[in-house]
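Note that these values count all heavy atoms, side chains included, but never hydrogens, waters or copies made by symmetry. Each ligand, and each atom within it, is numbered from 1 in the order the structure gives.
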Amino acid sequence: MNFDFTEDHLMIQQSAKEFAQEAIAPSAVERDIKAEYPAEIVKQLGELGFMGMMVSPDYGGAGLDTLSYVLAMIEISKVDASVGVIMSVNNSLVCYGIEKYGTDFIKEKYLVPLAKGEKLGAFCLSEPEAGSDATNQRTIADKKDNFYFLNGIKNWITNGHSADYYLVMATTDKSKGHKGISTFVVEKDFEGFGRGKKEDKLGIRSSDTSSLTFENCKVPAENMLWEEGKGFNFAMNTLNGGRIGIAAQAIGIAEASFEAAVKYAKERKAFGNPIANLQAIQFMLSDMATKVDCAKLLTFKACALKDSGKPYFKEAAMAKLYSSKVAVENALDSIQVHGGYGYVREYLVERYLRDAKITEIYEGTSEIQKLVIARSLIDGK
Ligand code: CAA
């Protein structure tokens with residue numbers, strides 16, 4: 001076991017930190033208030049190689065390991081968790097999914113621009129009646145000649161309004177249950193594809209989330225990922241890596257909350273001294289720092305397993321479960337340390353709380369993570 005980062009890891013962490021401070025931080029508050037998508041920032045992230053971090057250089061990516069991606073995700077999310085989720089979906093759901101399960105044709109056509117950040121991706125599993133119960137897919141794909149025609153609705157899609165390419169799960173054979181689900185790459189300009197309402201959210205407000213509609217949406221058969229009937233396994237396998245990304249996003253928020261609390265506790269005076277001298281505050285700070293470290297260790301372990309080709313789905317679920325809980329707890333504690341100032345927009349901590357909550361919901365709720373962990377423990381897998 002080695003707790004040291006390599007020079008390369010430190011360099012990536014530092015460059016993500018600098019970019020976050022210089023290019024993302026100045027507009028984060030205003031974009032949150034206006035719910036404004038950070039188009040220019042996403043473009044720059046692509047140019048710097050942050051949108052296809054784990055993709056092989058053969059397909060336009062940076063060819064880095066999962067730990068590098070997580071370190072960058074933490075730094076970006078520390079400053080703006082909205083940018084974090086945009087980056088996370090493109091990297092660990094879309095690029096990873098296509099690189100692992102796409103044909104050469106699909107990789108050349110779609111992965112290369114996605115990995116270079118020239119195009120943006122979205123991952124479309126959730127539906128109005130298929131959130132946690134994701135096998136209950138109502139979107140249908142009927143084959144005619146060399147095309148599939150998709151009909152249905154997708155919900156809660158991150159990058160819904162901004163993406164160019166969408167990985168869409170749809171039922172190709174209803175009689176086979178989840179083994180009758182397949183995955184397709186759908187372009188935004190395909191006939192029959194539509195974007196629905198953009199959600200007005202509590203947090204991560206500058207990322208866009210929307211529903212999507214498919215009305216006889218015509219998709220070439222060659223745009224299927226993996227093979228017919230493997231779409232649900234595709235979604236689950238891909239989400240395992242996605243959950244590591246969301247754990248990193250949550251750690252970013254948890255760490256930002258902690259650092260804001262320390263700074264404020266040293267500045268704010270009560271009873272004639274900085275409140276950092278009060279044991280009640282010190283206990284909160286100690287708990288916050290310990291939780292951040294625990295969340296990191298769980299998440300780094302999941303990275304190490306993934307990168308060494310070992311099973312990691314249980315550890316990814318544990319990392320997301322714990323890190324998202326810590327994000328919410330640390331944001332709440334940071335508000336408590338700030339007192340009334342924590343409750344107003346002038347200080348950043350109220351946004352941390354609003355942004356933190358979603359990490360317990362998307363890419364599998366905390367309850368689903370517990371179910372995944374419990375099944376693994378019981379089945380001994
Ligand atoms: N890794 C790999 N495979 C998995 C898996 C995992 N973590 N969890 C389930 N599977 C596989 C099972 O092995 C099984 O495969 P086989 O049939 O080939 O053996 C298949 O999936 C079905 O599993 P179950 O029989 O256990 O099905 P279930 O209905 O009882 O449970 C579930 C499935 C775990 C609840 C699953 O539906 C699930 O994870 N739900 C949550 C969905 C989710 O995370 N949605 C997030 C939406 S995407 C998003 O949020 C992105 C965004 O924009 C930010």
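Here K109 pairs with E187 in a salt bridge; the nearest charged N to carboxylate O distance falls below 4.0 Å. Between R205 and D200 there is a salt bridge, since at least one side-chain N of the basic residue sits less than 4.0 Å from a carboxylate O of the acidic one. Under a 4.0 Å N-O distance rule, the pair E127/R138 does not qualify as a salt bridge. Salt-bridge formation is not detected for the pair K320/E363: no Lys NZ or Arg NE/NH1/NH2 atom is positioned less than 4.0 Å from an Asp or Glu carboxylate oxygen. No salt bridge links E228 with K230; every basic N to acidic carboxylate O contact stays at or beyond 4.0 Å.
For A134, heavy-atom contacts with ligand 1 shorter than 4.0 Å involve the backbone as well as the side chain. Using a 4.0 Å cut-off between heavy atoms, N240 contacts ligand 1 through its side chain alone, with no backbone atom that close. With a 4.0 Å heavy-atom cut-off, ligand 1 is reached by no atom of T209. Under 4.0 Å from ligand 1, the heavy atoms of L239 that appear belong solely to its side chain. The side chain of R243, and not its backbone, has at least one atom closer than 4.0 Å to an atom of ligand 1 (non-hydrogen atoms only; side chain from C-beta on). Here T158 has heavy atoms under 4.0 Å from ligand 1 in both its backbone and its side chain.
Classification of the H338-Y347 ring pair by plane angle, with boundaries at 30° and 60°, yields perpendicular. Ring geometry for F300 versus F5: interplanar angle over 60°, hence perpendicular rather than tilted (30 to 60°).
Using a non-hydrogen distance threshold of 4.0 Å, G131 registers as a contact of ligand 1. Within the 4.0 Å heavy-atom shell around ligand 1 one does not find N159.
E363 N, 2.9 Å is the protein heavy atom nearest to atom 50 (O) of ligand 1. Shortest contact from atom 23 (O) of ligand 1 to any protein heavy atom: F232 CE2, 4.3 Å.
Using a 4.0 Å cut-off to heavy atoms of S126, the atoms of ligand 1 that qualify are 47 (C). Residue N237 has at least one heavy-atom neighbour below 4.0 Å for each of these atoms of ligand 1: 2 (C), 3 (N). Taking every heavy atom of R375 and a limit of under 4.0 angstrom, the matching atoms of ligand 1 come to 24 (P), 26 (O), 28 (P), 30 (O), 31 (O). Taking a cut-off of under 4.0 Å to the non-hydrogen atoms of S132, the atoms of ligand 1 that pass are 35 (C), 37 (O), 38 (C), 40 (N), 41 (C). Annotation for ligand 1: atoms under 4.0 Å from non-hydrogen atoms of T135 are 29 (O). If you number the atoms of ligand 1 from 1 as listed, the ones under 4.0 Å from a heavy atom of L93 come out as 51 (C). Within ligand 1, the atoms closer than 4.0 Å to a non-hydrogen atom of N233 are 15 (O), 16 (P), 18 (O), numbered from 1 in the order shown.
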_Stepwise side chain to side chain donor-acceptor pair (under 3.5 Å) check, S92 with Y69_ = CA-CA 9 Å; S92 48; Y69 161 63; 2.8 Å; yes
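Under the 3.5 Å distance criterion, with hydrogens and angles disregarded, no donor-acceptor pair is assigned to the side chains of N155 and S126. Between the side chains of N223 and Y110, at least one donor-acceptor pair of N or O atoms lies under 3.5 Å. At a cut-off of 3.5 Å, with distance as the only test, no side-chain donor of S162 or N159 sits close to an acceptor on the other residue. For the residue pair K143 and T172, no side-chain donor N or O sits within less than 3.5 Å of a side-chain acceptor on the partner.
Within the 4.0 Å cut-off (strictly below), no protein heavy atom is located near atom 32 (C) of ligand 1. Protein non-hydrogen atoms do not reach within 4.0 Å of atom 13 (O) of ligand 1.
For the pair K188 and Y166, the cation does not sit on the ring face, since its NZ or CZ is not both under 6.0 Å from the ring centre and inside 45° of the axis.
In this structure, CD1 in I86 is found 5.5 Å from OG in S207, a value given to the nearest 0.5 Å.
Counting heavy atoms only, H178 comes closest to atom 25 (O) of ligand 1 of the residues H178, K154, Q249. Nearest to atom 43 (C) of ligand 1 by heavy-atom distance, out of A317, G364, G245, A122, is G364. Distances from atom 16 (P) of ligand 1 to the heavy atoms of K179, Q369, K230 put K179 nearest. Between atom 4 (C) of ligand 1 and the options E127, E367, M236, the minimum heavy-atom separation is to M236.
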